[in-house]
*Asks:* 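Please find one structure pasted underneath; my questions will follow.
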Amino acid sequence: MPIFALVDCNAFYVSCERVFNPRLTGVPTVVLTNNDGCVIARSDEAKALGFKMAEPVFKVRELIKKHNVQVYSSNYPLYADMSQRAVAVLSQFTPQLEIYSIDESFLSLDGFRHLDLTTYGHEIRNRVLQWTGLPVCVGIGTSKTLAKLANKFAKKRKQFDGVCDLGALSPATLNTMLEDTALGDIWGIGRQLAPRLEALGIHNARELRDTPPKRMREHFGVVLERMVYELRGISCLALEEVTPARKEIVVSRSFGKATTDKGGLLEAATHYASRAAEKLRRQHSVTQLVGVFLHTSLFNTRDPQYSASTTVSLAHPTDDTREIITAAQRGLESLYRSGYRYAKTGVMLLDLQDAANLQTAFWNPSRPRTKTTNLMNTIDKINTQMGRNTVASGAAGRKQAWRMRRQWLSPAYTTRWSDIPVVNAT
DNA sequence: TCTGGGGTCCTAGGACCC
DNA sequence: TCTGGGGTCCTAGGACCC
């Protein structure tokens, strides 16, 4: 039987801010989504004050003011860099690791059965904290689903002190803990599934575990069937060490302020198209189908609503920013209707293929591949070294009135020379 | 006034084929 | 008047994740 550990960083974005701003320690702090729209990370103090996950900021203005809560805009370059550092530490504890998200990794502990895994978990926890400044919790179990659950116990129940190995618990204790676990706390059960399970008389994790898998398959399909096995400790979901190439790439943003202006929309689409093309090249893929969508605000019900999407096929597979921009602009032109206040647009790259596997005959004969590749590589290199958008399409605009709000952005402490913190020793 | 962004997997149903 | 069965591929939509 495999053994998995899930290592998850506590309030990751808030913790990243705290590493470089220790003044925030013990102070209620929240981090917001892009556009400063919703709360996505909360310190323990903020949770205690009643801040909810994904709550819109305008609903909690008073609460922020009343308790002098510290507010930060999302600083993704900082979080991505801190995430890499944490993974580098975790890699010292296992040869097999899956980066599951920016703040979570699955570790295979198959080769460490001879150790006391709870102790090992504490070593992981201590070293990540000491070397990166990030507090993490560790959950250990014989399936990914159980490791996720164990992590939740490690986080919520003080007696575990941040590390919970389900294998170290007696069956009776585990049963009680599963009975106390709401369906929604299980990995893979969301808002829709929970009430449907309740209707079948299944109310907690233990009852789901003890349901015949076949029954779940009949009612919900293979996903829930697998979940029952996973809860029984029979692993169905393997560790994925190499991140597979993305099957689609999406770049989309809500606007800082709704716009009626076609020019602004085209600028935004151009900007998103070039960001998407960068991502495409980074994973060495090519696209032959570019999707575009735009819509008005889902929340402003007084304004007339409009939502549309389309795809534009390309004659040849490509990773050329210029071709992708042209396609995105054409798509947007065809969708645009005047008289609406648009809140969001996005560009998708679909039908992705591995560039290396493509036969030369499929490339655009009017654009020699080597020339395109050299140009794109050069642009990517410049933008990596000199900062994003050092070289960019003029059609993305200079004013960028549509760009997102980030009112409370912290410095790029680890990724921009001018922002590196200065330490004074006296 | 103000509500994120980027993904995956699965299923059902239609088109089409032999 | 009668009108199979099985397979694949594609797409849209639902549900979930962080």
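Every heavy atom of this structure was used, including side-chain atoms; hydrogens, water molecules and symmetry mates were not.
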*Asks:* For dT1(B), does OP1 or OP2 lie under 4.0 Å from any side-chain N or O of Arg61(A)?
*Replies:* no

*Asks:* With the threshold set at 4.0 Å, does a side-chain nitrogen-carboxylate oxygen contact exist between Arg18(A) and Glu45(A)?
*Replies:* yes

*Asks:* Taking the C1' atom in each of dG4(C) and dC16(B), what is the distance between them to the nearest angstrom?
*Replies:* 16 Å

*Asks:* Among dG7(B), dG5(B), dA15(C), which nucleotide has an atom closest to any side-chain atom of Arg253(A)?
*Replies:* dG5(B)

*Asks:* Watson-Crick or G-U wobble partner for dG14(C), using a 3.5 Å limit on both distances?
*Replies:* dC9(B)

*Asks:* Looking at dC2(B), I'd like to know if its phosphate oxygens (OP1 or OP2) sit under 4.0 Å from a side-chain N or O belonging to Lys257(A).
*Replies:* no

*Asks:* Please determine if a side-chain N or O atom of Lys279(A) lies less than 4.0 Å away from the OP1 or OP2 oxygen of dG7(B).
*Replies:* yes

*Asks:* Check whether any side-chain N or O of Lys148(A) sits under 4.0 Å from OP1 or OP2 of dC18(C), and answer yes or no.
*Replies:* yes

*Asks:* Please classify the nucleic acid contact of Asp103(A) as base, sugar-phosphate, or nothing, using heavy-atom distances under 4.0 Å.
*Replies:* sugar-phosphate

*Asks:* Would you mind classifying the nucleic acid contact of Glu248(A) as base, sugar-phosphate or nothing, using non-hydrogen atoms under 4.0 angstrom?
*Replies:* base

*Asks:* Can you work out whether Arg226(A) or Ser252(A) has the more 5'-proximal nearest nucleotide on DNA chain B?
*Replies:* Ser252(A)

*Asks:* Are any non-hydrogen side-chain atoms of Tyr79(A) and Met82(A) less than 4.5 angstrom apart?
*Replies:* no

*Asks:* Taking the six-membered ring for Trp, is the centroid-to-centroid distance between Tyr76(A) and Tyr13(A) below 6.0 Å?
*Replies:* yes

*Asks:* Side chain of Asn35(A), heavy atoms from C-beta onward: which of dC18(C), dG7(B), dG4(B) has the nearest atom to it?
*Replies:* dG4(B)

*Asks:* Across the strands shown, which category fits Leu298(A) at heavy-atom distances under 4.0 angstrom: base, sugar-phosphate, nothing?
*Replies:* nothing

*Asks:* Report the nucleotide, chosen from dT11(B), dT3(B), dT8(B), that has the shortest atom-to-atom distance to any side-chain atom of Cys38(A).
*Replies:* dT3(B)

*Asks:* Tell me if the centroids of the rings in Tyr336(A) and Tyr342(A) come within less than 6.0 Å of each other.
*Replies:* yes

*Asks:* Taking NZ, NE, NH1 and NH2 as the nitrogens, is one of them in Arg215(A) or Glu218(A) under 4.0 Å from a carboxylate oxygen of the other?
*Replies:* no

*Asks:* Does Lys344(A) put a side-chain nitrogen or oxygen below 4.0 Å from OP1 or OP2 of dT3(B)?
*Replies:* no

*Asks:* Let's see if you can work this out: which of dA15(C), dG7(B), dC10(B) has an atom nearest to the side-chain heavy atoms of Arg246(A)?
*Replies:* dG7(B)

